[in-house]
Protein chains: 2
Amino acid sequence: MNSEFIIAVHSLVFLTYIPGQMATSETIAENVCTHPARIRKVMSCLRKNGFVKTKEGIGGGYILDCNPDEVTLGQVYRAVSCGTLKPGWCSGDSEQACMISSNIKHVMDEVFLDAETQLETYLNGHTVSSILQRIKHCKE
Amino acid sequence: MNSEFIIAVHSLVFLTYIPGQMATSETIAENVCTHPARIRKVMSCLRKNGFVKTKEGIGGGYILDCNPDEVTLGQVYRAVSCGTLKPGWCSGDSEQACMISSNIKHVMDEVFLDAETQLETYLNGHTVSSILQRIKHCKE
DNA sequence: TTAACTGTATAGAATAAAATTACAGTAACC
DNA sequence: GGTTACTGTAATTTTATTCTATACAGTTAA
């Protein structure tokens, strides 16, 4: 799992928290605790998927362009972090004579692909709004 | 997600494939494509969880000590890779005044904890034997 | 007692991730 | 029309993580 997913969710929750207001990459970066350029990269992706609107130039920044009651974390995951559940490192070697070594990669790929679908289904049970609500109900 | 999970699954499938036989860390490492010391580390964990028996000294190695029809990938995940779904990097800063920044970490922790439970449930739908069967049915 | 193994720690190398820098493009404002 | 404040994106540097490799103590069979 990719940490850009966390950045995307945090940014969307933050923008939901300040409805109708633009936030610059610097403002968001400060809240998220990362570098503005990293925020811009993630936000650029969110814009391409229709979650936010961006405005360049002076007075510009990012503003929510979706219904946070309807946008699920599953949609955000798919937009930003699709395919990152499977570890980068993989076992086996397709050149080996042993059936296990040469075929396990393919089978595990399928397992992880299904696992990711399953994960997305779970994440669809959470919306940007519901995350914001839970944050609001955190005790001090 | 941790690549030690993949190593554990591969090793268990391999041991299931050669029933009653001991395999050294070197043999398994060659099949998995990693270093024997890494295999020993993972196998040590599998032993502590009752999946394999190990034998030190000459003629030693690893042998299956569970029913591969019953051992699920969920159990293996829990034993070897528990807690590795959540990315290492996390957003927010508990010292900040902003509610979002200071509380999101806690909420996302819960989301990932539940997601992991969900993932384990999915992985419980696969056994070591079922993975071996799927490998056997790979063409070529 | 020696040889072949595991168990475990640690050091080193490779890789991936994050931060930073840089700069072109864009829009508001004077 | 020039300046300022922003995004978009790529390249570079730094940092962290992961994987490999080495080392050696402990164990067991011959």
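Naming convention: chains lettered A, B, ... in sequence-line order (proteins, then strands); numbering from 1 in each chain.
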Rounded to whole Å, please give me the gap between [atom1] in [X] and [atom2] in [N].
X: A:Ile28; N: D:dG8; atom1: CD1; atom2: C1'; result: 14 Å
X: B:Tyr62; N: C:dA4; atom1: OH; atom2: P; result: 17 Å
X: A:Arg47; N: C:dT26; atom1: CZ; atom2: P; result: 12 Å
X: B:His10; N: D:dC19; atom1: NE2; atom2: P; result: 15 Å
X: B:Arg40; N: C:dT10; atom1: CZ; atom2: P; result: 16 Å
X: B:Glu4; N: D:dT20; atom1: CD; atom2: P; result: 11 Å
X: B:Ile6; N: D:dC19; atom1: CD1; atom2: C1'; result: 14 Å
X: A:Glu26; N: C:dA19; atom1: CD; atom2: C1'; result: 15 Å

Name the closest nucleotide to the [X] side chain, picking from [options].
X: A:Ser44; options: C:dA4, D:dG8, D:dC19; answer: D:dG8
X: A:Ala37; options: D:dG26, D:dA10, D:dT7; answer: D:dA10
X: B:His35; options: C:dT20, C:dA3, D:dT22; answer: D:dT22

Q | Nearest-nucleotide comparison on DNA chain C, the residue closer to the 5′ end among A:Ser3 and A:Gly59 | A | A:Ser3
Please determine if a side-chain N or O atom of [X] lies less than 4.0 Å away from the OP1 or OP2 oxygen of [N].
X: A:Thr54; N: D:dG8; result: yes
X: A:Lys55; N: D:dA5; result: no
X: B:Ser25; N: C:dT6; result: yes

Q: Give me the ring orientation class for A:Phe14 and A:Tyr17: parallel if the planes are under 30° apart, tilted from 30 to 60°, perpendicular past 60°.
A: tilted
Q. Among side-chain atoms of B:Asn2 and B:Thr84, is any donor-acceptor pair under 3.5 angstrom?
A. no
Q) Less than 4.5 Å apart, any side-chain heavy atom of A:Val9 and any of A:Val128? A) no
Q. Is B:Leu132 close to A:Ile100 at the side-chain level, that is, under 4.5 Å between some pair of heavy atoms?
A. yes
Q: Select base, sugar-phosphate, or nothing to describe what B:Lys48 touches, counting heavy atoms under 4.0 Å on all strands.
A: sugar-phosphate
Q. Salt-bridged, B:Lys41 to B:Glu4, with N to O below 4.0 Å?
A. yes
Q. Taking only residues two or more places apart in sequence, or in another chain, which ones meet B:Lys105 in a salt bridge (charged side-chain N to carboxylate O under 4.0 Å, His left out)?
A. none
Q) Is the number of heavy atoms from other residues, nucleotides or ligands under 6.0 Å of B:Glu95 CD greater than 12? A) no
Q: With a 4.0 Å heavy-atom cut-off, tell me which residues in residues 83-94 of chain B come close to DNA chain C, sorted by residue number.
A: B:Trp89
